[in-house]
Amino acid sequence: MASVGSITRQIEALEISGGGKNLPTAPSSSSIRPLHTKQPSQTNVAKLLTKFAAPNPFPNSKAAHPPSSLRHPTQALPTKQQAPAGIANATTQASIDIGKYDGGLEIDEEKRGEVVYGEAAEDLALDSSVSRKSPTREWHLSDFDIGRPLGKGKFGRVYMVRTKSEPRYILALKTLYKSEIVQGKVEKQIRREIEIQQNLRHPNVLRLYGYFHDTKRIFLMLEFAGKGELYKQLSKHGCFSEKRSSRYIDQMADALSYLHAKHVIHRDIKPENLLLGINGELKIGDFGWSVHAPGNRRKTLCGTLDYLPPEMIESREHDHKVDLWALGVLTYEFLIGNPPFEDRSSVQNTYRRIAKVDLKLPASISLEARDLIARLLQYDPQRRIPLSDVLRHPWIIKYRPKGVIRQSAEATA
Ligand code: ATP
Ligand code: MG
């Protein structure tokens with residue numbers, strides 16, 4: 001029987017997308033569609049489900065992600081014409097236990113959420129089957145077997161699910177209650193961020209395969225991060241070794257370099273927003289979701305402001321270099337167990353420490369790691385070490401597994 005790891009690699013190699021070939025393409029003026037006026041997908045479900053991912057956009061970093069035959073899907077997995085092999089593949093997918101469903105969606109259905117009308121309803125009529133850039137087949141909740149709960153998000157629950165149709169993909173299905181999004185006044189931002197995330201393809205960025213909605217909810221079909229939250233690991237261990245920290249920061253720098261080349265700024269890097277794949281690889285999730293009213297977050301979420309750079313604290317203009325600052329904070333927190341400017345006595349003190357760059361690097365941190373942290377935590381954003389240099393930094397090179405070659409997307413963009 002195939003291992004969970006190998007199945008996950010297969011899933012990673014697959015693209016649950018229509019590629020736009022046979023699908024009706026929404027005209028640009030219809031980017032906001034009236035509620036429930038889906039254009040019928042003309043695409044054969046089975047064909048779509050055996051459509052594979054575009055070639056690796058990072059050919060030089062292939063080795064970072066074990067050169068599995070599954071990463072060359074035309075050899076290892078069935079093409080559209082080889083339907084029987086597809087069924088064999090589906091069997092292995094079906095053999096993975098997705099756990100027991102707790103009935104949470106029905107409980108929520110009774111207790112929370114109202115139907116949303118008007119402009120907000122149009123903003124939230126999100127459906128990847130009619131997305132202009134990456135159309136998928138049309139999806140509905142009834143297309144999934146629902147398994148164990150994975151967690152609770154701000155706007156709804158997240159479940160491990162499997163598609164009922166072959167090959168039976170394993171995914172994380174995240175629900176978002178439309179009325180709660182409207183209450184939070186974030187409908188436009190959520191719409192934009194979902195559309196951005198669907199177009200991102202990087203091994204360390206959580207994939208969004210598709211999305212659909214009903215009258216009350218939006219459903220996001222996310223890549224399943226088999227090892228869960230990185231934050232839990234950090235809490236369990238207190239801090240990480242230099243080797244483990246360096247490897248995470250290497251993956252983060254590679255992913256950020258990709259995002260920045262696509263003009264996407266994360267703005268909310270912190271351990272809580274990082275997940276781990278089945279092989280322990282880091283996956284950035286929730287990016288760009290800092291649009292969730294940072295003002296409120298500061299008050300309600302302990303620790304969040306620890307990652308804010310001086311320019312944001314001082315309400316100055318900011319750019320992608322905010323992510324470099326946060327990478328420095330993250331490096332420190334991995335190695336020490338808490339962020340560098342934390343001051344539990346008062347929020348004001350933390351602000352002050354950030355604005356002064358009051359950085360104390362404990363002797364337990366190696367010289368190389370200190371050097372990188374100090375280069376990232378520069379008050380002047382222009383002076384922060386660029387990601388292409390982070391990827392070449394001695395502390396990163398020292399622990400990078402043999403055979404992994406990184407090519408900074410930033411440098412080549
Ligand atoms: P919060 O503000 O609490 O982080 P959120 O709306 O950002 O909420 P998520 O963090 O995306 O919601 O999801 C809530 C929890 O569900 C996560 O902390 C994680 O444990 C789990 N989860 C979310 N997505 C996945 C995934 N793709 N794979 C595995 N687990 C996931
Ligand atoms: Mg989250």
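These values consider heavy atoms only, across backbone and side chains, with no hydrogens, waters or symmetry-generated copies. Computed from a prediction, not measured in an experiment: that's the story for all the values here. Indexing begins at 1, ligand by ligand and atom by atom, following the structure's order.
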Heavy atom under 4.0 Å from ligand 1: found in [X]'s side chain, backbone, both, or neither?
X    : result
N273 : neither
K154 : both
L150 : both
E272 : neither
A172 : side chain

Exercise for the section: Could you check whether the rings of F341 and W325 sit parallel, tilted or perpendicular, using 30° and 60° as the cut-offs? Expected result: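 Because their plane-to-plane angle is under 30°, the rings of F341 and W325 count as parallel.
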
Handout entry: G153 neighbourhood, listing ligand 1 atoms whose heavy-atom distance to it stays under 4.0 Å
Key =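 What qualifies from ligand 1 is 5 (P), 6 (O), 8 (O), 12 (O), 14 (C).
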
Exercise for the section: Step by step, work out the salt bridge (charged side-chain N to carboxylate O under 4.0 Å, His left out) result for R267 and E193. Expected result: CA-CA 12 Å; R267 286 194 214 97; E193 297 306 334; 5.2 Å; no

Exercise for the section: Could you tell me whether R217 and D214 have a side-chain N and a carboxylate O separated by less than 4.0 Å? Expected result: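 Salt bridge: yes.
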
Practice task
Run through F219, Y211, F212, F144 and flag the one making a ring-ring contact (aromatic ring centres under 6.0 Å, His included) with W139.
Solution key: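 Option passing the ring-ring contact (aromatic ring centres under 6.0 Å, His included) with W139: F144.
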
Exercise for the section: Would you please determine whether K174 falls within less than 4.0 Å of ligand 1 on a heavy-atom basis? Expected result: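 Under 4.0 Å: yes for K174.
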
Problem - Residues E106 and Y101: side-chain donor-acceptor under 3.5 angstrom - result: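 Yes, Y101 and E106 have a side-chain donor paired with an acceptor closer than 3.5 Å.
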
Problem - Y351 side chain to D343 side chain, donor-acceptor N/O pair below 3.5 angstrom - result: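 No - no donor-acceptor pair under 3.5 Å links their side chains.
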
Handout entry: Within-cut-off N or O pair, L275 and ligand 1, under 3.5 Å
Key =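 Between L275 and ligand 1 (N or O atoms, distance only) the closest approach is not under 3.5 Å.
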
